[in-house]
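Lettering follows sequence order; numbering is per chain, from 1.
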Protein chains: 2
Amino acid sequence: MAESERGPRERMVFSAAQLIRREGVGATGMREVAAHAEAPRGSLQHYFPGGKEQLVNEAVGWAGRYAGKRVARFLAALAEPTPSGLFAEMVRQWTDEYRTEGFAGGCPVAAATVDCAESSTSTREAAATAFATWTGPVAEALRDMGVPGERAGALATLMISALEGAILISRAEQDTRALTTVARELGPLLDAATHTTG
Amino acid sequence: MAESERGPRERMVFSAAQLIRREGVGATGMREVAAHAEAPRGSLQHYFPGGKEQLVNEAVGWAGRYAGKRVARFLAALAEPTPSGLFAEMVRQWTDEYRTEGFAGGCPVAAATVDCAESSTSTREAAATAFATWTGPVAEALRDMGVPGERAGALATLMISALEGAILISRAEQDTRALTTVARELGPLLDAATHTTG
DNA sequence: TGCCGACTATGACCGCGGTCATAGTAGCCG
DNA sequence: CGGCTACTATGACCGCGGTCATAGTCGGCA
């Protein structure tokens, strides 16, 4: 999450995602995004003529692609890839962050869904796309591990659902308990799916 | 969710929860709450001298107690109580709402967490309390069904995590798929916990 | 040199919304 | 009746923030 030297436009999208996941969409100001990205304020209307909605949508899209790409790295980190191992890595990304940086941020896609699902169709769609962009690689990884086709998608949805919910609870409680709990409880179920014929 | 004839104060708290779960905390105005509750605007500062923060906190607390009480009703609706049956009822409350009323609202506690966890300590704590108020009865119900003590709490957290995440995804996708998926995939795991000694 | 496009810079506008101040009403009690 | 308490009513204040308008810089290219 620390790719620093990109163009100002990309930095603004990145910063928007960072701020949104901390404060929510409503509480994140355009000027604030520019300042955080160390980008000129005037660039906002130049790069994002669609205004805040466009910026938010791109931030959500960025987050979805980021999450999707992470899956490959998680797999690479596993000596022997298993569903529970993948899920443990997904959870660990959050427990690590919370332990080292505090419970400041949540998932930007969740924030956008909560704040914009009803008010902005385009942002809601961006969130749905982001979830799909994230679920896809997870499901594919499960399939590669021997999980039957249809169940792979279902289990990927379950994994991401449990993760998102646990992020919420952990943030509220300022305790990683919920995250570690879902990893522990869901692991056996996920691994069992590789043995079942489906 | 339709208890109409209470005092104006209670109606405002109820309305706040309704609006928050649709639009998020930031986009919900005080005047809007009063209007929705058909309560006089002047009553806001009278009943909630602590301002918006107090109102939001009470709305979150109300939502937590509401969710906790629902558990008993879900159990009563089950001929033979099982963990998977309880979870299915919890999920069904949402799928029913989404099918009949559209995907307008999410969980108010989730909304408050996303929007206020970083900016307001008291609201974050209210959210944590709400999650606890909700998890408690679920865990107790699991214990009554024969789930061993420590696992009951863990599974309750898992159930609520998965439910919250699936609510998010379903809202974004405007499709109850995620909700029905987690109910289906998690059911067997929950029921299996009643047989295991632990 | 002079034009042009891309990007930057800033101030102004304007609505929204939380809060405060101040006053009004209604009912009860003494 | 006077006064007290609970509640209601409204207008004003004021900062925030998204957007717009307008102008400035800067590099390349002919």
Can I get a per-line list of side-chain donor-acceptor pairs under 3.5 Å for residues 98-119 of chain A, giving both atom names and the distance, sequence neighbours left out?
{"unit_1": "A/Tyr98", "atom_1": "OH", "unit_2": "A/Gly105", "atom_2": "O", "d": "2.7"}
{"unit_1": "A/Arg99", "atom_1": "NH1", "unit_2": "A/Thr176", "atom_2": "OG1", "d": "3.3"}
{"unit_1": "A/Thr100", "atom_1": "OG1", "unit_2": "A/Asp96", "atom_2": "O", "d": "2.9"}
{"unit_1": "A/Thr100", "atom_1": "OG1", "unit_2": "A/Glu97", "atom_2": "O", "d": "3.4"}
{"unit_1": "A/Thr113", "atom_1": "OG1", "unit_2": "A/Val109", "atom_2": "O", "d": "2.8"}
{"unit_1": "A/Asp115", "atom_1": "OD2", "unit_2": "A/Val25", "atom_2": "N", "d": "2.8"}

Keeping to residues at least two apart or across chains, list the salt bridge (charged side-chain N to carboxylate O under 4.0 Å, His left out) pairs with something in residues 44-56 of chain B.
none
Hey, could you give me the OG1/CZ distance between B/Thr194 and B/Arg151, rounded to the nearest 0.5 Å?
10.0 Å
Below 4.0 angstrom, which residues in residues 106-113 of chain B have at least one non-hydrogen atom near DNA chain C?
none
Distance-only criterion, 3.5 Å: show the donor-acceptor pairs between side-chain atoms of residues 79-87 of chain B and protein atoms not counting sequence neighbours.
{"unit_1": "B/Thr82", "atom_1": "OG1", "unit_2": "B/Ser84", "atom_2": "OG", "d": "3.4"}
{"unit_1": "B/Thr82", "atom_1": "OG1", "unit_2": "B/Gly85", "atom_2": "N", "d": "3.0"}
{"unit_1": "B/Ser84", "atom_1": "OG", "unit_2": "B/Asp191", "atom_2": "OD1", "d": "3.3"}
{"unit_1": "B/Ser84", "atom_1": "OG", "unit_2": "B/Asp191", "atom_2": "OD2", "d": "2.6"}

Could you tell me whether the phosphate oxygens of C/dC7, OP1 or OP2, come under 4.0 Å of any side-chain nitrogen or oxygen in A/Ser43?
no
Do B/Val13 and B/Phe48 pass the side chain to side chain contact (heavy atoms under 4.5 Å, CB included) test, and can you show the C-alpha distance, the side-chain angles, and the key distance before you say yes or no?
CA-CA 10 Å; B/Val13 172; B/Phe48 308 97; 3.7 Å; yes
Show every donor-acceptor pair shorter than 3.5 Å between a side-chain atom in residues 129-138 of chain A and any protein atom, with sequence neighbours excluded, or say none if there are none.
{"unit_1": "A/Thr129", "atom_1": "OG1", "unit_2": "A/Glu125", "atom_2": "O", "d": "2.9"}
{"unit_1": "A/Thr133", "atom_1": "OG1", "unit_2": "A/Thr129", "atom_2": "O", "d": "2.7"}
{"unit_1": "A/Thr135", "atom_1": "OG1", "unit_2": "A/Phe131", "atom_2": "O", "d": "2.6"}

Check this for me: B/Arg92, atom CZ, are more than 12 non-hydrogen atoms of other residues, nucleotides or ligands nearer than 6.0 Å?
no
Flag for A/Glu58-A/Gln54: side-chain donor and acceptor within less than 3.5 Å
yes
Protein proximity profile, nucleotides 14-25 of chain C - base contact B, sugar-phosphate-only contact S, no contact -, cut-off 4.0 Å on heavy atoms
---BBBBB----
